[in-house]
Amino acid sequence: MTEADKEACETVRVSENEPLSGKKRLFIESYGCQMNFSDSEIVASVMREAGFATTSDVNNADLIFLNTCSIRDNAEQKVRNRLKHLNYIKKNRPGTLIGVLGCMAERLKTKFLEEEKMVDIVTGPDAYRDLPRLVEEAGTGQKGVNVFLSREETYADISPIRLNSNSVSAFVSIMRGCDNMCSFCVVPFTRGRERSRDPYSIVKEAETLFHDGYREVTLLGQNVDSYKWTPEGEAVNGALGETPVNFANLLEMVAKVNPELRVRFSTSHPKDITDEVLYTIKKYDNICNHIHLPAQSGNTRVLEIMNRTYSREWYIDRIDAIRRILGEDCGVSHDMIAGFCTETEEEHRDSMSLMEYARFDFGYMFTYSERPGTLAAKKFADDIPEEVKKRRLAEIIEVQRRISLERNQRLLGTVQKVLIEGPSKKSDEDFSGRSDQNKMVVFPRENHKKGQYVDVLITDCNAATLLGRVLLPEPLLG
Ligand code: SAH
Ligand code: SF4
Ligand code: F3S
């Protein structure tokens with residue numbers, strides 16, 4: 001896993017300071033996945049209309065939003081702990097309003113208000129347009145709740161306010177919800193039915209970002225390969241084109257915005273990723289050679305009870321297609337769950353052998369956490385003891401660490417095109433950015449600039465990062 005991905009996966013994102021004159025102050029803290037980070041940018045935009053500017057100082061906020069995640073029990077515990085701390089703030093500043101947004105709000109609904117008395121507002125992921133009303137209501141002492149899940153809402157017309165942005169790369173949501181029913185997963189319950197956003201609004205957002213100096217967009221959805229948009233009434237005059245748009249078409253449309261705008265996407269579902277998508281990636285230099293293809297298990301029986309709707313062989317076929325069409329160097333990452341219900345030692349070893357076969361560049365790996373209301377919670381006992389889950393996870397992580405290192409060592413002596421994102425975490429003297437395959441690359445800063453593409457000769461590496469020096473810098477782009 002690269003540093004950037006660790007960050008995306010594990011850290012909490014906090015809003016930045018906007019100029020405040022005459023405005024009320026909103027502090028937003030976001031947990032969970034990139035979709036949540038992207039949603040917080042929509043929330044900031046909705047709240048700006050209602051007279052709020054974001055702040056990075058929780059102690060000075062008039063309104064505090066936690067945009068929450070329910071994916072595993074520990075994600076929810078983090079939010080509970082945070083609320084305990086916010087209680088102190090509320091005691092010191094009694095007028096402060098606290099809102100819980102996102103997946104945990106949706107999962108627990110009004111129960112949240114019973115369990116966490118100081119929470120004033122509970123809002124699910126499809127109800128953010130209603131926030132100004134809910135906040136106003138809460139200001140009069142009434143609790144504000146809206147957890148309505150929509151079949152249509154995509155927030156297509158809202159221009160997100162970029163929070164925590166490096167001003168180089170941005171997330172763009174292309175769809176919401178999920179229609180798969182993986183038996184372990186809470187997302188279909190917290191985010192509702194799958195719906196795709198109007199492709200023309202996506203292209204417009206990418207164009208605006210490019211114009212504003214951004215050089216990379218990451219298209220987001222729980223299952224981007226099932227993106228599907230049908231024009232319906234909107235193409236009456238043929239003005240918008242009358243054919244439906246699938247994910248490969250959308251990728252192409254965004255890639256054409258500008259060859260200097262990198263396009264990334266996440267997440268691909270192994271059952272849906274088509275050769276057409278792979279050929280589209282191959283066709284455009286600016287569509288990055290990196291695919292995040294969660295496996296969850298390497299054993300067909302376990303995949304079946306997970307309701308992933310593919311087998312080990314199917315997954316291997318997709319890996320083979322990636323290597324055949326995009327080559328050995330294409331970055332591939334994965335998610336893996338250790339200790340799902342009834343998983344045997346042999347089945348656990350199948351997950352590790354799949355990792356050896358696929359040669360993943362990095363992975364997000366978890367122990368199974370039972371989620372109330374899911375198919376797995378209803379049908380199967382959570383029967384693998386915690387210490388066994390932890391041991392299996394440690395084994396999986398160790399295999400991944402070794403393969404990540406080997407994959408990085410392959411690149412020693414090569415030249416990688418890197419988009420500079422900013423100073424490296426460890427030293428202001430160094431810059432960091434990502435390669436085409438999504439590997440973090442660190443190199444001496446010299447006179448280079450953020451947002452610039454540079455060719456970096458890779459001279460050293462560890463399992464997480466490539467190190468090198470810039471060859472022949474290109475002039476500043478944009
Ligand atoms: N839509 C993506 C995954 C979104 S959730 C996909 O289908 O691949 C991100 C990851 O969290 C999942 O890939 C899975 O590995 C992990 N995850 C989801 N539910 C979990 C649970 N109950 N316990 C442990 N890990 C879980
Ligand atoms: Fe969850 Fe499966 Fe949907 Fe991913 S595809 S969000 S794991 S239900
Ligand atoms: Fe968490 Fe919801 Fe994302 S449960 S992982 S924030 S979709």
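Atoms considered below: every heavy atom in the structure, side chains included; atoms not considered: hydrogens, waters and symmetry mates. FYI, the numbering just counts along the sequence from 1. Both ligands and their constituent atoms are indexed starting at 1 by order of listing.
- Taking the six-membered ring for Trp and the full ring otherwise, Phe340 and His348 have centroids separated by 6.0 Å or more.
- Judged by distance alone, with hydrogens and angles left aside, the side-chain atoms of Asp225 form a donor-acceptor pair with the main-chain N or O of His269 at under 3.5 Å.
- If you check which protein heavy atom lies closest to atom 5 (S) of ligand 1, you get Ile71 CD1, 3.5 Å.
- Contact check on Asp120 versus Lys90 returns a salt bridge, with a Lys/Arg side-chain nitrogen under 4.0 Å from an Asp/Glu carboxylate oxygen.
- Comment: Glu346 does not engage Arg349 in a salt bridge, judged by the lack of any side-chain N to carboxylate O separation of less than 4.0 angstrom.
- By the 4.0 Å heavy-atom criterion, Ile337 is counted among the residues contacting ligand 1.
- Not a single donor-acceptor pair under 3.5 Å links the side chain of Asp126 to the backbone N or O of Glu153.
- Using a cut-off of 4.0 Å between Lys/Arg side-chain N and Asp/Glu carboxylate O, Arg191 and Glu106 are scored as not salt-bridged.
- In terms of protein heavy-atom proximity, atom 19 (N) of ligand 1 is nearest to Phe184 CD1, 3.3 Å.
- Atoms of ligand 3 found under 4.0 Å from any heavy atom of Arg191, numbered from 1 in the order shown, are 2 (Fe), 7 (S).
- For ligand 3, the atoms closer than 4.0 angstrom to any heavy atom of Cys33 are 3 (Fe), 5 (S), 6 (S), 7 (S).
- The backbone N or O of Ala127 lies less than 3.5 Å from no partner atom in the side chain of Thr123, so there is not a single donor-acceptor pair.
- On a distance-only criterion, Gln222 and ligand 1 share at least one N/O pair closer than 3.5 Å.
- No salt bridge links Arg323 with Asp320; every basic N to acidic carboxylate O contact stays at or beyond 4.0 Å.
- Neither the backbone nor the side chain of Thr374 comes within 4.0 Å of ligand 1, counting heavy atoms alone.
- Within the 6.0 Å centre-distance limit, the rings of Tyr364 and His292 are counted as a close aromatic pair.
- With salt bridges taken as basic N to acidic carboxylate O contacts below 4.0 Å, none links Arg402 and Glu398.
- In this structure, Lys109 does not pair ionically with Glu114, as no charged nitrogen and carboxylate oxygen lie closer than 4.0 Å.
- Every N/O-N/O distance between Glu370 and ligand 1 stays at or above 3.5 Å.
- The pair Asp39-Arg176 meets the salt-bridge criterion, with a side-chain N (NZ, NE, NH1 or NH2) lying under 4.0 Å from an Asp/Glu carboxylate O.
- Not a single heavy atom of Asn180 sits closer than 4.0 Å to an atom of ligand 1.
- Annotation: atom 4 (S) of ligand 3 to nearest protein heavy atom, Ser70 N, 3.3 Å.
- Contacts with ligand 1 closer than 4.0 Å are made by side-chain heavy atoms of Pro294 only, the backbone lying farther away.
- The protein heavy atom nearest to atom 1 (Fe) of ligand 3 is Cys69 SG, 2.3 Å.
- Residue contacts with ligand 1 do not include Asn223, since none of its heavy atoms lies under 4.0 Å from the ligand.
- Scanning the protein heavy atoms around atom 3 (Fe) of ligand 2, the nearest turns out to be Cys178 SG, 2.3 Å.
- At a 4.0 Å heavy-atom cut-off, ligand 3 does not touch Met35 at all.
- No more than 12 heavy atoms of other residues, nucleotides or ligands lie within 6.0 Å of NZ in Lys379, so this atom counts as exposed by the packing criterion.
- With a 4.0 Å heavy-atom cut-off, ligand 2 is reached by the backbone of Asn180 and by its side chain too.
- Annotation for ligand 2: atoms under 4.0 Å from non-hydrogen atoms of His269 are 5 (S).
- Residue-environment remark: CG (Asp275) exceeds the threshold of 12 foreign heavy atoms within 6.0 Å.
- Using a cutoff of 4.0 Å between basic side-chain nitrogens and carboxylate oxygens, Asp73 and Arg80 are not scored as salt-bridged.
- With hydrogens and angles left out, the side-chain atoms of Ser70 and Glu76 include a donor and acceptor closer than 3.5 Å.
- Note: an N/O pair closer than 3.5 Å links Ser369 and ligand 1 by distance alone.
- Put simply, part of Gln222 is less than 4.0 Å from ligand 3, judged by heavy atoms.
- The part of Pro188 lying near ligand 2 is the side chain, judged by heavy-atom distances below 4.0 Å.
- Contact annotation: Arg191 has no heavy atom less than 4.0 Å from any atom of ligand 2.
- Not one N or O of Thr267 is nearer than 3.5 Å to an N or O of ligand 1, by distance alone.
- Inclusion of Cys182 in the first shell of atom 2 (Fe) of ligand 2 is supported: an N, O or S atom falls under 2.8 Å.
- Atom 1 (Fe) of ligand 2 has as its closest protein heavy atom Cys185 SG, 2.3 Å.
- Between Glu41 and Arg13 there is no salt bridge, since none of the side-chain N atoms of the basic residue sits less than 4.0 Å from a carboxylate O of the acidic one.
- For Arg308, the heavy-atom gap to ligand 1 drops under 4.0 angstrom.
- By heavy-atom distance, the residue among Arg72, Gln296, His269 lying nearest atom 15 (O) of ligand 1 is Gln296.
- The nearest heavy-atom contact from the protein to atom 9 (C) of ligand 1 is Asp335 OD2, 3.8 Å.
- Side-chain atoms of Glu29 and Tyr31 form a donor-acceptor pair, as typed in the model, at a separation below 3.5 Å.
- With a 4.0 Å heavy-atom cut-off, ligand 1 is reached by the side chain of Phe366 but not by its N, CA, C or O.
- Given atom 2 (Fe) of ligand 3, the protein heavy atom at minimum distance is Cys103 SG, 2.2 Å.
- Taking every non-hydrogen atom of Arg308 and a distance limit under 4.0 Å, the qualifying atoms of ligand 2 come out as 2 (Fe), 7 (S).
- Those atoms of ligand 1 that come under 4.0 Å of a heavy atom in Thr367, given as number and element, are 23 (N), 24 (C).
- Proximity to Asn36 (heavy-atom distance under 4.0 Å) selects the following atoms of ligand 3: 6 (S).
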